[in-house]
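Notes follow once the structure below has been shown.
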Amino acid sequence: MKLAPAIRLLQAPWRGCVVPKAHISAKPAKTPTSPPEQAIALVVTFISFIFPAGWVLSHLESYKKSSSA
């Protein structure tokens, strides 16, 4: 079984797509982020992931009861 025709068929829609080049800079930031700002950002990020998961896990029994009724 030859895969070349199948691969060409799958790649055909992507040939015309133009992806813009990312503007990545190797320079340091113009305004560096202070340690308190970094700490606040980390805390907010962790809370945004941990809080919903904790909420669901703490109410798992009530979710089980309401879905079986």
Side-chain angles (χ1 to χ4, degrees):
M1 179 176 169
K2 291 185 178 182
L3 291 178
I7 291 173
R8 278 195 309 251
L9 183 63
L10 292 173
Q11 290 176 344
W14 296 104
R15 287 187 185 148
C17 294
V18 178
V19 178
K21 188 175 181 180
H23 299 289
I24 299 174
S25 175
K27 300 178 201 172
K30 291 179 183 176
T31 56
T33 308
S34 68
E37 289 175 330
Q38 292 177 9
I40 291 171
L42 281 173
V43 167
V44 168
T45 301
F46 287 132
I47 287 175
S48 67
F49 285 103
I50 301 273
F51 183 75
W55 177 270
V56 169
L57 288 175
S58 66
H59 292 87
L60 198 57
E61 291 301 323
S62 64
Y63 292 145
K64 286 180 184 178
K65 290 176 187 175
S66 66
S67 66
S68 65

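Residue indices begin at 1 and follow the sequence shown.
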If the condition is salt bridge (charged side-chain N to carboxylate O under 4.0 Å, His left out), which residues does E37 pass it with, not counting sequence neighbours?
none
Give me each pair satisfying salt bridge (Lys or Arg N to Asp or Glu O under 4.0 Å) with a member in residues 23-36, each pair once, sequence neighbours excluded.
none
Selection residues 52-61 - residue pairs positive for salt bridge (Lys or Arg N to Asp or Glu O under 4.0 Å), sequence neighbours left out:
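Counting only pairs at least two positions apart or across chains, the salt bridge (Lys or Arg N to Asp or Glu O under 4.0 Å) contacts touching residues 52-61 are E61-K64.
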Which residues end up grouped with L57 if you chain together Ile, Leu, Val, Met, Phe, Trp and Tyr wherever their side-chain heavy atoms are less than 4.5 Å apart?
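The other cluster members (ILVMFWY side chains, heavy atoms under 4.5 Å, direct or chained): none.
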Do any pairs count as a ring-ring contact (aromatic ring centres under 6.0 Å, His included) and have a residue in residues 24-62, sequence neighbours left out, and if so which ones?
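Listed by first then second residue: W55-H59.
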Test side chain to side chain contact (heavy atoms under 4.5 Å, CB included) applied to I40 - qualifying residues, sequence neighbours left out:
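By the side chain to side chain contact (heavy atoms under 4.5 Å, CB included) rule, I40 matches V44.
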